[in-house]
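Below is one structure, written out as structure tokens; comments come after it.
Positions are given from 1 along the sequence. Hydrogens, waters and symmetry mates play no part in the numbers below; they use all other heavy atoms, side chains included. Ligands are counted one by one from 1 in listed order, and the atoms in each one are counted from 1 as well.
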Amino acid sequence: MRAVLGGGPRLLLRRLREVMAEPVSAQARLDKIVVLIASNMVAEVCSVYVLRADATLELFATEGLNREAVHLTTMRSGEGLVGLIAQRAEPLALSEAQAHPAFSYKPETGEEIYHSFLGVPILRGGNTLGVLVVQNRASRTYSEEEVEALQVTSMLLAEMIASGELQSIVRPGDDIALHRPLALTGTAISDGIGLGHVVLHEPRVVVKQLVAENVSGEMRRLDAAIEDMRENLNRLIEQGDILGTGEHRDVLEAMRMVANDRGWMRRLREAIATGLTAEAAVESVQNDARAKLQRSTDPYMRDRLHDLDDLANRLLHKLTGQSFVVDRASMPDNAILVARTMGPAVLLEYERARLRGLVLEEGGPSSHVAIVARALGIPAVGEVANITDLVETGDAIIVDGTSGDVRVRPQSDVENAYAEKARLRARRQEQYQKLRDVPAVTRDGIEIKLHMNAGLLVDLPHVAETGAASIGLFRTELQFMLAARFPRMREQFNLYRTVLEAVPDRPVTFRTLDIGSDKVLPYMEKMEEDNPALGWRAIRIGLDRPALLRLQLRALLRAAVGRHLRIMFPMVACCAEFDAAKGIVAREVAYLKKHGYATPSALELGVMIEVPSLLFELDAICAKADFLSVGSNDLVQYLFAADRDNKRVADRFDVLSPPALRALATIAGAGHAAGKPVTLCGEMGGKPLEALALAAIGYRSLSMAPASIGPVKATLIAADLAETEAFLTPLVGAHDGMPSLRAHLRDYAEKSGIPV
Ligand code: PEP
Ligand code: MG
């Protein structure tokens, strides 16, 4: 028997479209739809089951089964044939349904007289929203075409469910699954709490035209769009100039591979042949692929899903002419951006005032977009699996960038709790704001200078906002990481000049390029190293590629004409490296003078203490350097041989342990003895309890993220430093194998009324 009967899927789709447009109630519409499908498929039964938030499938409409069963018959996902389809997200066709081991009998439906059964999942974005079933009294075999026809039809139902229309016919408390609240967890990448509404960074295309008027016309449209997309991909790959979009070369290569995949092309053509428009065919094929791949636990397969998704998305945008980017003007002013991945430059293009948060499927704490999110003060959570498939534009959403929690469509009590948390935070910020112009002087009169770390133009207003002493670490590599190619001398000069102008009366400490390891420049040839953290990075690159370093030094020296300039070098491992770096600076200064250029009024050259070897050469390095800055992030990672970005080991060892604190105290002591200023600019300096410990072991200057200045200041001004030192010194000096002094110090702070 020829597959699709009663006029074929095209006629059915057209009729269904008409029904979708009729001004009738949701229930009446569903009732009409099942009648139409049953008659078109020459089936005695057609039923629609919708997945509820409690993972139960509820019969929402039927033609052929007992009408009384509608909204009464339910089954759990995984229970019975319908439950099995929902769970596997795959069609099921049986000529003898009752012989299937999963068959479960629901007496109220009267379905025992039907022998054959065909059911397909109702899918959207790879998620199951329900199940569509046809049944026949006679025992018969459903053809592949019939399965496909029913799948196509189910897309319409998916649209209807997603539109929210069915919400009007659910019983209170029986929300449909698509609108259920979700509690997800990812990795906290930028502090803060944001409440708002979802804005999909790459808006999902809504396919409105499902039914093709002319099959060969649709084939031509598909071919043209694919050809166009292939050319586009080739161009992007050739240009290699793709930074800022979050697309790296290998992603594009993978997409190109899929675009040339014969199986994929064949499936698209087959879908068009059933009567779909080119865009509906892309959506249908992609729905299928998603449902299959999402259930895969193989990371390689999941990556392929991303490539496929990207490709399908591009194709859909091309075919429908819908914009690939959010219409910025129509963004709500409490937008929470949701994206699979995002380049840092793209985030900067959004209007900051409208952004309340960011949620990404990819992107860990050291990703570039995370750096920018922190600089902009946008609460952000990364590594949230599947988030783009789990939300719809406009959904209510909460981002907790401190804990890594994301709540989608939260219930009102959850929303209230977070709103309260956000208010508390805001109140605390206000308190810190009041401390802005108060110097960080301890109760016993010791001043600790609190500087801030920066690296982007968007950081600069924070100097005034936080009352920072100055910029204690300007990470120059961020500009390089965000650029599409090596920044030219003029571009570097402009940035440094702008930074110096933003802090007119105090010296700013610039760090020379610290690239390599986790800091990757996409346009620089990738080095394959087994241990990049121990590899060719930072000053090692600078000394091996002096042209690069010289260019940067020249830009710095020229930008700071007439100013007090401080430059420091990262990852110095021995005195000879520092000597070599100083030699390059001296040559640059001589060059500028020789050519009649003005130079800075004062120049200080410092060394970052990040490699433990320098701890055993402290006197020598102090004699050579004008100042020291402890990069505790790296120093601690090398001291404990624990990768700072590896979640498994990063928190295994505590910076507040006697060995770490003794190392840090030794550096501060050597600096003081030599009369050389010492600052600490790693993350620990920005944590109140750690900052208290650092002050107690001799640090008088710290540099930290802007948001940390208020909390650290509040801690320090409440402390009596002599007393804290007297408490901590014996603990740090004790050789009793204590893994951490954290609990002791916290206890001490609480008893002494020091907020930490
Ligand atoms: C550090 O290592 O502590 C530091 C400040 O440098 P970065 O975090 O940029 O490596
Ligand atoms: Mg470092």
I'd like to know if E690 and R742 make a salt bridge, using a cut-off of under 4.0 Å between side-chain N and carboxylate O.
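Yes, charged N to carboxylate O under 4.0 Å.
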May I ask you to say whether R475 pairs ionically with D514, meaning some side-chain N is under 4.0 Å from a carboxylate O?
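Answer for the salt bridge query: no.
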Could you tell me if [Y] and [X] have a donor-acceptor pair between their side chains, going purely by distance under 3.5 Å?
X: D654; Y: S657; result: no
X: T341; Y: E361; result: no
X: E501; Y: Y496; result: no
X: R566; Y: T509; result: yes
X: N494; Y: E491; result: no

Could you check whether the rings of F480 and F486 sit parallel, tilted or perpendicular, using 30° and 60° as the cut-offs?
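The arrangement is perpendicular - the two ring planes meet at more than 60°.
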Hey, mind stepping through K624 and D579 against salt bridge (charged side-chain N to carboxylate O under 4.0 Å, His left out) and telling me if it holds?
CA-CA 8 Å; K624 293 170 187 292; D579 286 338; 3.2 Å; yes
Before signing off on this row, confirm whether S632 and ligand 1 have an N or O atom pair separated by under 3.5 Å.
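Yes: some nitrogen or oxygen of S632 is under 3.5 Å from one in ligand 1.
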Within the 4.0 Å heavy-atom shell around [X], which atoms of ligand 1 are there?
X: R644; result: 2 (O), 7 (P), 8 (O), 10 (O)
X: C681; result: 5 (C)
X: D634; result: 1 (C), 2 (O), 3 (O), 10 (O)
X: L473; result: 5 (C)

Distance below 2.8 Å from the Mg ion (ligand 2): protein N/O/S atoms
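Near the Mg ion (ligand 2), below 2.8 Å, one finds E610 OE1, D634 OD2.
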Heavy-atom nearest neighbour in the protein, as seen from [atom], with distance rounded to 0.1 Å:
atom: atom 2 (O) of ligand 1; value: E610 OE1, 2.8 Å
atom: atom 3 (O) of ligand 1; value: N633 N, 2.7 Å
atom: atom 6 (O) of ligand 1; value: R511 NH1, 2.9 Å
atom: atom 7 (P) of ligand 1; value: K519 NZ, 3.4 Å

Test of understanding: given a 4.0 Å heavy-atom threshold, classify the contact between N453 and ligand 1 as side chain, backbone, both, or neither.
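None of N453 does.
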Below 4.0 Å, non-hydrogen atoms only: which portion of R475 touches ligand 1? Side chain, backbone, both or neither.
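It is the side chain that gets close, since no backbone atom is under 4.0 Å.
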Do R511's NZ or CZ and the ring of F569 fall within the cation-pi criteria of under 6.0 Å and 45°?
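No cation-pi geometry.
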State whether the side chain of D459 and the backbone N or O of G455 hold a donor-acceptor pair below 3.5 Å, judged by distance alone.
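Yes: the side chain of D459 pairs with the backbone of G455.
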